> 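The structure's right below; bear with me while I get my questions together.
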2 protein chains.
Amino acid sequence: MASTTMKRIAEDLGVSVTTVSKVLNNRADIGETTRARVLARVAELGYQPNAVARSLTLRRTRTLGIVIPDLMHSFFVEVIAGLEAVTHTRGYGLLLCNSDEDPHKERAELQLLAQRQVDGVVLASAGASANSDLLHRLTAAGVCLVMIDRDDHPDILCDRVITDDEEVGRLATSHLVAQGRRAVAHIAGPSIVHARRRADGYRRALVDAGLRVRADWIIRGGFRESDGYRAMTRLLSSKKRPDAVFAVNDPAAIGALKAVWDAGLRVPEDVAIAGAGDIAHGDLLRVSLTTVTWARRDLGKRAAELLLDRLDADGANRHRRVVIPPRLVVRASSGVSAGTEALSSG
Amino acid sequence: MASTTMKRIAEDLGVSVTTVSKVLNNRADIGETTRARVLARVAELGYQPNAVARSLTLRRTRTLGIVIPDLMHSFFVEVIAGLEAVTHTRGYGLLLCNSDEDPHKERAELQLLAQRQVDGVVLASAGASANSDLLHRLTAAGVCLVMIDRDDHPDILCDRVITDDEEVGRLATSHLVAQGRRAVAHIAGPSIVHARRRADGYRRALVDAGLRVRADWIIRGGFRESDGYRAMTRLLSSKKRPDAVFAVNDPAAIGALKAVWDAGLRVPEDVAIAGAGDIAHGDLLRVSLTTVTWARRDLGKRAAELLLDRLDADGANRHRRVVIPPRLVVRASSGVSAGTEALSSG
DNA sequence: ATGAAAGCGCTAACAA
DNA sequence: TTGTTAGCGCTTTCAT
């Protein structure tokens, strides 16, 4: 029951706990024979150090927290996969938290992480400013923070790994325009920075193309499939029906796709659709989904590296802002002929 | 930097640390005024208890570990989502580990969890018996274990939440046979229990239908898309080409789908395909995927509940074996006409 | 109703 | 080269 401790090993061997500790931490000031004896007994008993006790002494848990808003979106899972690969090879644990796009839940999760004394937090924030106070307190308490994907909480100083969201919106929208669509609508996200930037990109693309931006073609939707479905349904019933839609992300785009089908219309013939985020298997859908992609696994890796390097260096060097460039992926949903597609995709 | 501690609060108020502790733990033997004073200061300073110190004293971390073999398979992510919902509402943290189907990595992850003194581990095991020793030591050390999805390590006593894998294989295969296919192949997984059971179900369905089981139509593939692709490619080049395939899971089935397409053939006309696990968006694929489904979120929830109930009860009651029943989901890839589909699909 | 003391398992000065 | 002592922040007897 009671697992073996350093004390047990020390007693067995008639040495002090300190000696055992030093051996296990590879300190130089230990005799070869003692070291060997300790190591032997350690192996024999299958001793595993108690990380909790270690953490208490060192005031370092070697544990990171990750808070993401949607576990069912493959985008975030890929980010997590990237993170996990780095953290685990460097001996860090990863506490997983899901805010479900709910600032209240996010707050609870952040608190849980704070109590557990994580060394760092990776956050894709759900709420605009609701939890800024907590984040301030966290960083003030010495917790390293890196924000990913969502560029909110501008007053918080921390590393950030994001993409160029305005460019995301611009790429998708101008592509739709280039396909000859003139009535391009936008299913927007909630009022948080990266969603607004995608809307900005949408607007800019229209303006650049000399098209008018119509307020009633920008519909506040959300990041989930159900949000996209609802928004598209509304768009289809508007007096002037759009012939193309840029959805704030791929789940919303898929919701839109379904809404179009349920209305008895076709994608892309009646409505062309583009999303963002390059959801898993988007290339295999009944109508493959045109989207904007950026390196998701790398995003996770970069976030982990920024965090761990800062922790290892104990360094308070300048906060970094890593921008992962987006790239258009043209597929069927935006209404390109097979020939054209081959040119621009992949 | 140094976050506020109970000591700090005690000094501020001129009481003892014990008193503060008692207030925070809602002990009855504290005067109302003292209690109020302490609580006020706690709120004022935004005191957060140090869970690491607490864990060391109580020898309980209120943290669970989850080890899964494939983070990019939506099946496991849904299981995790179910787990997370339960653990977090009950105040537990969740340490996420990804074994990548690699027993060595799994071993390292389990060790990390052991060192971190998790109260319990949820495991979807990658290796057949490689890590049984470690699991024995873990449970002997008082760590609660619940195995999910994969029913390996038969000598380990623990709760299990699985599905009826033989029935999974039987449902999928007999459905393919019912569609009139006579040359039904199987893309199998590695030699671990639940994969073997699916193969058993495949064989039984054939035998029940009076069909011969051909060894060269059972191909050792694997759980990943690439495994399915390779296996299908081999099947397509065998001297007698099968007209249907049951793949051990949906990622493998999708790999098979791609292989068929890349060979210039059609699904389901030339080869019908069925998978298992009901991958996200399988209903929206170019050819929607016939599969076998079972409650994944519930699986995660049940696992968490079994674990936490056992922990809370500190109970050594009989180990439970929860079997989540599988159900066939008929879609286009198995070659049903639209009319029939409506009847049998969920 | 309150507090002193011991201890959870470990590391880190500082002596010896 | 080794050991003694103190302490990380908390809970828990057991006195008072």
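Worth saying up front: this structure is predicted, and the values here are computed from it rather than measured. In what follows, chains carry the letters A, B, and so on, assigned in the order in which the sequence lines appear, proteins first and then strands, with residues in each chain numbered from 1.
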> Between P on C:dT2 and CD on B:E32, what's the gap in Å once rounded to a whole number?
10 Å
> With distance as the sole criterion, do the side chain of A:T18 and the base of D:dT4 form a donor-acceptor contact below 3.5 Å?
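Yes, the side chain and the base share a sub-3.5 Å donor-acceptor pair.
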> Between C:dG3 and B:T19, is there an OP1 or OP2 to side-chain N/O distance shorter than 4.0 Å?
yes
> Should the pair B:H73 and B:F75 be assigned to parallel (<30°), tilted (30 to 60°) or perpendicular (>60°) ring geometry?
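Ring orientation of B:H73 relative to B:F75: tilted.
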> Look at the side-chain N and O atoms of A:R54 and state whether any lies under 4.0 Å from the OP1 or OP2 oxygen of C:dG9.
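The answer is no; no side-chain N or O of A:R54 sits under 4.0 Å from OP1 or OP2.
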> Given D:dC8, is OP1 or OP2 found less than 4.0 Å from the side-chain N or O atoms of B:N50?
no
> Considering non-hydrogen atoms only, spot the tightest contact between B:L311 and B:R60 and give its length.
O-NH2, 3.0 Å
> State whether A:T57 places a side-chain N or O below 4.0 Å from either non-bridging phosphate oxygen (OP1 or OP2) of D:dG7.
no
> Taking 4.0 Å as the cut-off, does a side-chain nitrogen or oxygen of B:S16 come that near to OP1 or OP2 on C:dG3?
yes
> Calculate the interatomic distance between B:L13 atom CG and C:dA1 atom C1'; express it in whole Å.
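To the nearest whole Å, that distance equals 15 Å.
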> With salt bridge (Lys or Arg N to Asp or Glu O under 4.0 Å) as the test, pick out the partner of A:D159 among A:R310, A:R320, A:R302.
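Only one of A:R310, A:R320, A:R302 forms a salt bridge (Lys or Arg N to Asp or Glu O under 4.0 Å) with A:D159, namely A:R310.
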> Could you tell me whether the phosphate oxygens of D:dT2, OP1 or OP2, come under 4.0 Å of any side-chain nitrogen or oxygen in A:T34?
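Indeed, a polar side-chain atom of A:T34 lies that close.
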> Which pair of non-hydrogen atoms, one from A:A126 and one from A:E106, has the smallest distance, and what is that distance?
N-OE1, 2.6 Å
> Find the distance B:L24:CG to D:dC10:C1' and express it as a whole number of Å.
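So the two atoms are 11 Å apart, to the nearest Å.
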> Is any side-chain nitrogen or oxygen of A:Y47 closer than 4.0 Å to OP1 or OP2 of C:dC10?
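A:Y47 to C:dC10 OP1/OP2: side-chain N or O found under 4.0 Å.
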> Taking OP1 and OP2 of D:dT2, is either one under 4.0 Å from a side-chain nitrogen or oxygen of A:R27?
no
> Is the phosphate of D:dT11, meaning OP1 or OP2, less than 4.0 Å from a side-chain N or O of B:S21?
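Result: yes.
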> Side chain of B:K7, base of D:dG7: donor and acceptor closer than 3.5 Å?
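Checked by distance alone, the answer is no.
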